[in-house]
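Remarks on the structure that follows.
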Amino acid sequence: MSEEEKIVQYKQVGKNNNIVLITFHRHKDLNAFNSQMLEEFEEVLLKIKQENDIRCVIITSEGKSFVAGADLKWMSTLNEENYNDLIAKGQVVFELIESLPVPVIAAVNGYALGGGMELSLACDIRIASSKAVFGQPEVTLGLAPGWGGTVRLPLISGLGVAKDLILTGRKISADEALKLNIVSAVYPPEELLDKALELAETIASNAPIAVREAKKVFTSTFQEKVKEGYRKEQDAAKPCFASSDLKEGIDALFNRRKPEFKDN
Ligand code: CAA
């Protein structure tokens with residue numbers, strides 16, 4: 001497959017060519033993560049991990065969606081074992097973001113829902129377009145967050161806000177995400193990428209060893225908590241996946257109707 005055909009594309013940018021810009025290209029399904037996209041993303045992150053000259057990474061997309069979560073069409077075709085693998089795979093890939101030696105900025109251009117919001121939470125810094133929409137809508141589908149939302153969101157926004165967002169499944173605007181400390185800045189859509197690059201250049205101009213060591217402290221401090229949370233999310237995924245409410249939730253979403261959950 002040629003580089004242009006890939007879902008996850010990346011290039012080196014910036015005045016010293018030492019910033020990596022990762023963009024997702026699965027616009028038809030609003031950049032929802034399917035298996036190919038997860039594999040390609042992991043491959044790109046592993047490549048970056050081995051590079052010594054990179055100073056910062058930006059993750060973004062174009063259009064109305066950053067990442068609309070896991071691909072629900074693909075998810076509906078999975079059996080229980082495959083579903084557990086999907087949860088575990090996303091967790092490993094997002095942990096890789098934290099384990100990169102350099103800071104990662106999520107430049108959230110549009111929908112960041114479910115796994116898409118969790119992706120942004122695994123990044124070191126989040127900035128957003130004024131058109132971005134955040135949310136952990138899993139419970140509205142019959143799922144519990146599986147890619148670190150229940151552990152990273154409380155660390156970032158506080159437990160009360162995390163419970164509000166995760167238990168209601170409500171979507172919030174970029175401005176509300178700013179008020180809730182989920183993002184550090186909001187910009188007009190046409191300025192988002194420039195602002196992300198500016199931020200990345202600032203980081204890239206700092207002492208590389210010091211930046212790497214500072215990030216390492218954050219990662220190691222919260223690593224155990226994340227791992228423990230991951231295990232608990234895997235346990236929580238099992239009864240959800242086995243329930244008929246999940247089928248109902250996904251069917252209702254795609255048929256644009258209100259789900260009728262039966263608690264089984
Ligand atoms: N998976 C697969 N396809 C998706 C998708 C998803 N998560 N989100 C959107 N799409 C598809 C739609 O099915 C539609 O495809 P078709 O044109 O083939 O019908 C296309 O993207 C455009 O979507 P809409 O027509 O729905 O666009 P909209 O502007 O009316 O609504 C939206 C946008 C609010 C994001 C809506 O699409 C939506 O709610 N999507 C689901 C988002 C979601 O719930 N994500 C969480 C998934 S669960 C998860 O991520 C758990 C985990 O961590 C493992």
Side-chain angles (χ1 to χ4, degrees), residues 7 24-39 41-42 61-95 97 106 108-123 128-129 131-153 162 165-174 226 229-243 245-259 261:
I7 298 173
F24 298 120
H25 295 269
R26 194 165 183 257
H27 306 298
K28 190 179 75 61
D29 286 318
L30 303 186
N31 298 320
F33 269 112
N34 64 2
S35 139
Q36 184 192 340
M37 185 166 157
L38 273 173
E39 290 293 341
F41 190 35
E42 181 178 36
S61 302
E62 283 165 11
K64 72 173 183 178
S65 185
F66 175 64
V67 170
D71 183 328
L72 293 165
K73 291 168 193 157
W74 169 53
M75 225 176 77
S76 323
T77 66
L78 301 179
N79 62 28
E80 199 170 335
E81 194 185 325
N82 295 153
Y83 181 65
N84 293 336
D85 291 347
L86 157 73
I87 296 292
K89 181 73 177 186
Q91 292 183 343
V92 167
V93 174
F94 289 4
E95 204 178 1
I97 296 172
V108 180
N109 52 294
Y111 291 116
L113 299 174
M117 178 157 175
E118 289 171 308
L119 162 63
S120 78
L121 298 173
C123 295
S129 142
K131 288 196 170 157
V133 175
F134 291 82
Q136 297 286 165
E138 285 89 342
V139 294
T140 69
L141 298 164
L143 288 168
W147 289 347
T150 55
V151 50
R152 293 193 182 98
L153 188 53
L165 295 184
I166 288 174
L167 300 179
T168 63
R170 71 186 176 93
K171 298 183 181 72
I172 58 168
S173 66
V226 170
Y230 271 0
R231 278 193 296 275
K232 290 178 179 169
E233 284 187 344
Q234 288 182 19
D235 290 343
K238 289 179 188 142
C240 295
F241 188 77
S243 73
D245 279 348
L246 174 59
K247 289 172 198 67
E248 167 64 10
I250 295 179
D251 186 74
L253 176 84
F254 286 130
N255 289 299
R256 297 178 189 269
R257 63 175 175 83
K258 211 173 160 5
F261 293 127

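Read the numbers this way: they start at 1 and go in the same order the structure lists the ligands and their atoms. Nothing fancy with the numbering, it's 1 onward along the sequence.
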Return a table of N or O atom pairs, ligand 1 on one side and protein on the other, at distances under 3.5 Å, rounded to 0.1 Å.
unit_1   : atom_1 : unit_2 : atom_2 : d
ligand 1 : 1 (N)  : L72    : N      : 2.8
ligand 1 : 7 (N)  : A68    : O      : 2.9
ligand 1 : 7 (N)  : A70    : O      : 3.0
ligand 1 : 13 (O) : K73    : NZ     : 3.2
ligand 1 : 15 (O) : K73    : NZ     : 3.1
ligand 1 : 18 (O) : K73    : NZ     : 3.3
ligand 1 : 21 (O) : K28    : O      : 3.4
ligand 1 : 25 (O) : R256   : NH2    : 2.9
ligand 1 : 26 (O) : R256   : NH2    : 3.4
ligand 1 : 29 (O) : K64    : NZ     : 2.6
ligand 1 : 30 (O) : R256   : NH1    : 3.4
ligand 1 : 45 (N) : A68    : O      : 3.0
ligand 1 : 50 (O) : A70    : N      : 2.8
ligand 1 : 50 (O) : G115   : N      : 2.9
ligand 1 : 53 (O) : E118   : OE1    : 3.0

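Here the closest non-hydrogen pair linking W147 and Q91 is CD1-N, 3.9 Å.
A donor-acceptor pair under 3.5 Å is formed between the side chain of E233 and the backbone N or O of G149. The main-chain N or O of A32 is never found under 3.5 Å from a side-chain atom of D29 such that the two would form a donor-acceptor pair. For N109 (side chain) and A128 (main-chain N/O), no donor-acceptor pair under 3.5 Å exists by modelled atom type.
A parallel orientation is assigned to the rings of Y83 and F241, their planes being inclined by less than 30° (bins at 30° and 60°).
Here Y230 pairs with nothing under the ring pair (Phe, Tyr, Trp, His ring centres under 6.0 Å) rule; sequence neighbours left out.
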